[in-house]
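In what follows, a single structure is set out as structure tokens and then discussed.
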Amino acid sequence: MATKAKKKVRKKKNSLLMIAVSFAIFLLLSVIGGYFALLYAGDRMIAENEQKLKDLKAEPTVIYDKNGNEMTSLIRQKNREYKPINEMPKTLINSFLAVEDKRFFEHKGVDMIRIGGAIVNDIRKGSLAEGGSTITQQLARNVFLTLDQTFWRKTKEMSIAIGLERKYSKDQILEMYLNRVYLGEGEFGVEDAAKYYFGKSVSDDDFTVAEAAMLAAIPKAPTTYSPFNNPEKAKLRRDTVIRLMYEQGIITEAQKNEAQAEELPKEPTETAGASLKKGYRAFFDHMLDEAEARYGVTEEELYRGGWQVYTTFDPQMQDAMVEQYANAKNFPKDGAKRGVESAMIVVDAKNGGIAGMIGGRNYAPKGFNYATDMQRQPGSSFKPLAVYAPAVDYDSKWGSNSSLSNKRQSFNGYEPRNYNNRYSDSVSMNRALIDSLNVPAVWLLNEIGVKTGMDYLKKFGIDLAPEDRNLAIALGGLSKGTSPLKMAQAYTAFPNGGVMSEAHSITKMTNRSVGVERVYEEKQTAVLKPQSAWEVHSMMERAVQEGTGKAARISGRHVAGKTGTTQSIVGGSDVNKDAWFVGYTPEYVGAVWMGFDPEDKQHLMRQGSSLTAQMFSKVLADGLKGVKSSDFVKPGGVKEEQKQEETESPIQLAADLTLDNGQLKAVLSWIGGLPEYTYDVYRILPNGERQQIASGMKETVFVDVLDSPTAYQYIVIPRNAEGQEEAPSKVVKISTTQLDNLLNAGEDADHSNDGSTPPDTGDGGTEQLPPDSDNGDNGGQGGQSNGQNPGNSGNTSNPGDTPAPPPDIVNPGGGQSGTPSQGIELPPPPRDQGGQNPDSSGTNG
């Protein structure tokens, strides 16, 4: 019995052993079979595509505009120059080996040691930063593989690399790689790149170690390490390559020191993207960034050719921008060393497609783009987003006819001021927006709660910092700021029934040769109810028709929008740091910004948003030529709010003394009256006699140049369309408050920076100023109508030559850093952490 049991156990063990041996044999055969299958697959792919290794020509990538017409192509019309390896200097070859693949002559296409090290580093860093690809694998990837980012792509890459090593010698592989590697700016191969960056061949006698190292430094990140795009990063990377060459015994210590001391090239010896029309580069660069960020198609892959990229670009709109930006009269006077910076972006009002952009008055290829990357305070152009739209949408008790407080008051220690220090018990929401009054905006945000405003701003796509949780956001007082792109994108909600459309530049990308297609999926967000969007839109349309945005009007077209400014801390109360206009027609939304970057005592902008509104008007008028005029479409089911009969506001006049170029001037500004009114302006002499100094004015700002320090008084008399006199303003005396502030500010410390980074205005937002002319924002815009510097003329009847009144946000951070500058205090946060004081319906924000 025992013997039988032992036999049974032995038989079971033998069976298990046989299974284990069979499984081991199966695994071994699978590995061997898999290896040979890998070799077979690699050899087959090489055989089928071998011509790609020899042929450096490719179909160009073509970029199309919104009309389907070619905007540019990315392969320049020339043959790439193939350089045999025996004509390349050893230093150049060794520089690439030092940084890309130091065991190139030891592995068989795949470096398992390097892959293992990359895996360990990835585990340590908790990321997938390390690549581990050999030069042979990079060649395989660049020549044979498409964009699918999968495990199988890496497997294919390795199989092709092994096949290449079996078929070609190491020198042949190196030669093919060095003639194909992407080196930025549309340059492939070391010979073309050397001529582009250094103006010489790699085989020239004076080709240096530093130049070889610079070329070897670029492939890791061609845009980042281009010596023309990022010289500081490029030098660090180049010097790292030089150090590696020294450590690996390729160069001596003396050669290392000499190479690291060598300067980088300053500018290209030939123009990249020569087929791209002047002024189109900012859009082009943004499109390249979007292709990689959204679709995973890198600049290198686009420049390799074969792509068709369909964009939202409108050449007529872009040409209009380029033409207007070339005219210096459209901008404030230059400072001592540089001019005012400016940016503009126009997007489709319905789908958010970017029609065009100006990234700066002197935009450099792949440089800082003021239209998309800038962060500056938006002033009163923020009121519709932060206050009025949230109030109307959040609680039905608020509407354009709602009565808002316009009393001088303190909000937990924060005391905003109206532009002209004129107040009243109440004002309608409609009138508060049209005239850009500040106290009603802050009061209303306090009523609905700061948290409510911030929640809506988040939906509008505006990024806020924790320190922005205060009432200053009502007036655009942000700790950092925002960009024209973000503002234009947010404003698409108003002409589009409350639906905000994501700004984008690409609609479709295809590459037929590899069977790849990428199509844009519309991203639209319902931010407001249709009724709310239409009501706020209607108020902004009136702001352009009769209020602060009148300079944005376009003959024969419907326009809505809002101006905005912020005040300098460097130059006193009559100097603006930022000037904005954000507005739209039924077809397009546009955002324009102007300001010095950085601002200092020698670079002060006295004009305001009259010029940004004018720029919008001029560009959109030209950009829409030939496009049939249309009206804004009211969303279905929306009821027009019953308009209350607006009584004529009494003319409220302010007279402020200022000093400009040593000349005393009285800046007269007023609000009230009706859109069809004209105005007569009178001095009242010490003996009581009236002296007319202007007549028939449509503007609401006038500068009286004083020939003596006589304490004149002033009165403004409006006339209706029939020329009949209406109720005049009160007689007012000259106020010296602004002049006192200006003189006191003149001795302040300079708050400028080196200009290397975009300014963050860091404002706390406090008081405001006189109203704008029909060209600006009486929340703080200057009354300039011609873009010339105020004070160049002694003419007392030219409303165009006016120093700008103080703006929406007084004393935003003068320092150009990410934090508020010294001496700037933000309003305190609300007492209750839920937002603000609850309203009568229990709302606490």
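- Side chains of Asn430 and Tyr388: a donor-acceptor N/O pair is absent below 3.5 angstrom, by distance only.
- At a threshold of 4.5 Å between non-hydrogen side-chain atoms, the residues Pro484 and Met344 do not count as touching.
- In this structure a side-chain-to-backbone donor-acceptor pair under 3.5 Å is missing from Ser617 to Ala613.
- Note that the OG1 atom of Thr566 and the CG atom of Leu475 stand 11.5 Å from one another [nearest 0.5 Å].
- Rounded to the nearest 0.5 angstrom, Leu404 CG and Leu433 CG are separated by 10.0 Å.
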Take Glu726 and Asn720, measure what side-chain hydrogen bond (donor to acceptor under 3.5 Å, both in side chains) needs, and give me the verdict at the end.
CA-CA 7 Å; Glu726 299 289 347; Asn720 60 27; 2.9 Å; yes
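- Under the 3.5 Å distance criterion, the side-chain polar atoms of Lys383 are matched with a main-chain donor or acceptor of Leu437.
- A donor-acceptor contact under 3.5 angstrom links the side chains of Lys562 and Ser436, judged on distance only.
- For Phe382, the ring pair (Phe, Tyr, Trp, His ring centres under 6.0 Å) test picks out no residue, with sequence neighbours left out.
- Scanning for side chain to side chain donor-acceptor pair (under 3.5 Å) contacts around Ser532 gives Asp393, with sequence neighbours left out.
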Between Leu611 and Phe331, is a side chain to side chain contact (heavy atoms under 4.5 Å, CB included) present by the stated rule, with each step listed?
CA-CA 7 Å; Leu611 294 183; Phe331 299 94; 5.7 Å; no
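- Considering CE of Met540 and NE2 of His537, their distance stands at 8.0 Å, rounded to 0.5 Å.
- Summarising the geometry, atom OG belonging to Ser630 is positioned 7.5 Å from atom NE2 belonging to His558; distances are rounded to the nearest 0.5 Å.
- Counting all heavy atoms, side chain and backbone alike, Val589 lies closest to Pro495 at CG2-CG, 4.3 Å.
- A donor-acceptor pair is defined here as one N or O able to donate and one able to accept, closer than 3.5 Å; such a pair exists between the side chain of Asn438 and the backbone of Arg417.
- Remark: Ser400 OG to Ile434 CD1 distance equals 9.0 Å, nearest 0.5 Å.
- Side-chain atoms of Tyr325 come within 3.5 Å of backbone atoms of Ala343 as a donor-acceptor pair (strictly under, hydrogens ignored).
- With sequence neighbours excluded, no residue forms a salt bridge (charged side-chain N to carboxylate O under 4.0 Å, His left out) with Asp289.
- Remark: Arg376 does not engage Glu341 in a salt bridge, criterion side-chain N to carboxylate O under 4.0 Å.
- Among all heavy-atom pairs drawn from Val544 and Gly561, the shortest one is CG2-N, 3.4 Å.
- With hydrogens and angles disregarded, no donor-acceptor distance shorter than 3.5 Å links the side chain of Ser402 to the backbone of Met429.
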Verify ring-ring contact (aromatic ring centres under 6.0 Å, His included) between Phe702 and Tyr679, making sure each step is shown before the conclusion.
CA-CA 10 Å; Phe702 180 81; Tyr679 303 95; over 10 Å; no
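- With Trp580 contributing its side chain and Gln377 its backbone, the two residues share a donor-acceptor pair below 3.5 Å.
- A donor atom on one side chain and an acceptor atom on the other are found under 3.5 Å apart for Asn330 and Gln324.
- Residues that satisfy the side chain to side chain contact (heavy atoms under 4.5 Å, CB included) test with Ser501, not counting sequence neighbours, are Thr492, Asn496, Gln524.
- For Asp65, there are no salt bridge (charged side-chain N to carboxylate O under 4.0 Å, His left out) partners at least two apart in sequence or on another chain.
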Test log, rule ring-ring contact (aromatic ring centres under 6.0 Å, His included), inputs Tyr280 and Phe283
CA-CA 6 Å; Tyr280 288 17; Phe283 178 91; 8.4 Å; no
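- Between Leu653 and Ser729 the shortest heavy-atom distance is CD2-OG, 3.7 Å.
- By the 4.5 Å heavy-atom criterion applied to side chains, Asp395 and Ile448 are not counted as neighbours.
- Scored by the side chain to side chain contact (heavy atoms under 4.5 Å, CB included) test, Ala355 finds Asp314, Met317, Val346, Tyr588 as partners (sequence neighbours excluded).
- In this view, Lys628 satisfies the salt bridge (charged side-chain N to carboxylate O under 4.0 Å, His left out) rule with no residue, not counting sequence neighbours.
- Within the 4.5 Å cutoff, the side chain of Asp622 has no heavy atoms near those of the Met321 side chain.
- In this structure His286 satisfies the side chain to side chain donor-acceptor pair (under 3.5 Å) test with no other residue, sequence neighbours excluded.
- Panel note: side chain Tyr491, backbone Gly583; no donor-acceptor pair is recorded below 3.5 Å.
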Test ring-ring contact (aromatic ring centres under 6.0 Å, His included) on Tyr310 and Tyr520 and set out the steps.
CA-CA 10 Å; Tyr310 299 88; Tyr520 174 71; over 10 Å; no
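- Taking the side chain as every heavy atom from C-beta outward, Val450 and Leu471 approach each other to under 4.5 Å.
- Under the 3.5 Å distance criterion, with hydrogens and angles disregarded, a donor-acceptor pair is assigned to the side chains of Asp597 and Tyr370.
- Between Gln318 and Gly279, the closest heavy-atom pair is NE2-O, 3.0 Å.
- When side chains are defined from C-beta on, Val716 does not count as touching Thr700, because their heavy atoms never get closer than 4.5 Å.
- Within the 4.5 Å cutoff, no side-chain heavy atoms of Ile358 are placed close to those of Ser342.
- Scored by the salt bridge (charged side-chain N to carboxylate O under 4.0 Å, His left out) test, Glu541 finds no partners at all (sequence neighbours excluded).
- With Asp468 contributing its side chain and Ser479 its backbone, the two residues share a donor-acceptor pair below 3.5 Å.
- From Asn446, atom CG reaches atom CG of Asn470 across 11.5 Å, with rounding to the nearest 0.5 Å.
- A search for side chain to side chain contact (heavy atoms under 4.5 Å, CB included) contacts involving Arg557 returns Ile554, Glu587, Leu624, Val627, Ser629, not counting sequence neighbours.
- Between Ala579 and Thr612 the shortest heavy-atom distance is O-CG2, 3.3 Å.
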Name the atoms and distances for all side-chain donor-acceptor pairs under 3.5 Å in residues 457-466, with sequence neighbours left out.
| residue | atom | partner | partner atom | Å |
| --- | --- | --- | --- | --- |
| Lys459 | NZ | Val527 | O | 3.3 |

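- Glu290 and Ser505 share a donor-acceptor pair across their side chains, judged by distance under 3.5 Å alone.
- Between Asn351 and Glu522 there is a side-chain heavy-atom pair separated by less than 4.5 Å.
- Contact annotation: the side chain of Trp593 never approaches that of Met487 to less than 4.5 Å [non-hydrogen atoms, C-beta and beyond].
- For Gln409, the side chain to side chain contact (heavy atoms under 4.5 Å, CB included) partners two or more places apart in sequence, or in a different chain, are Ser405, Lys407, Phe411, Val439, Trp443.
- Glu546 pairs with exactly one of Arg431, Lys698, Arg553 by the salt bridge (Lys or Arg N to Asp or Glu O under 4.0 Å) rule, that one being Arg431.
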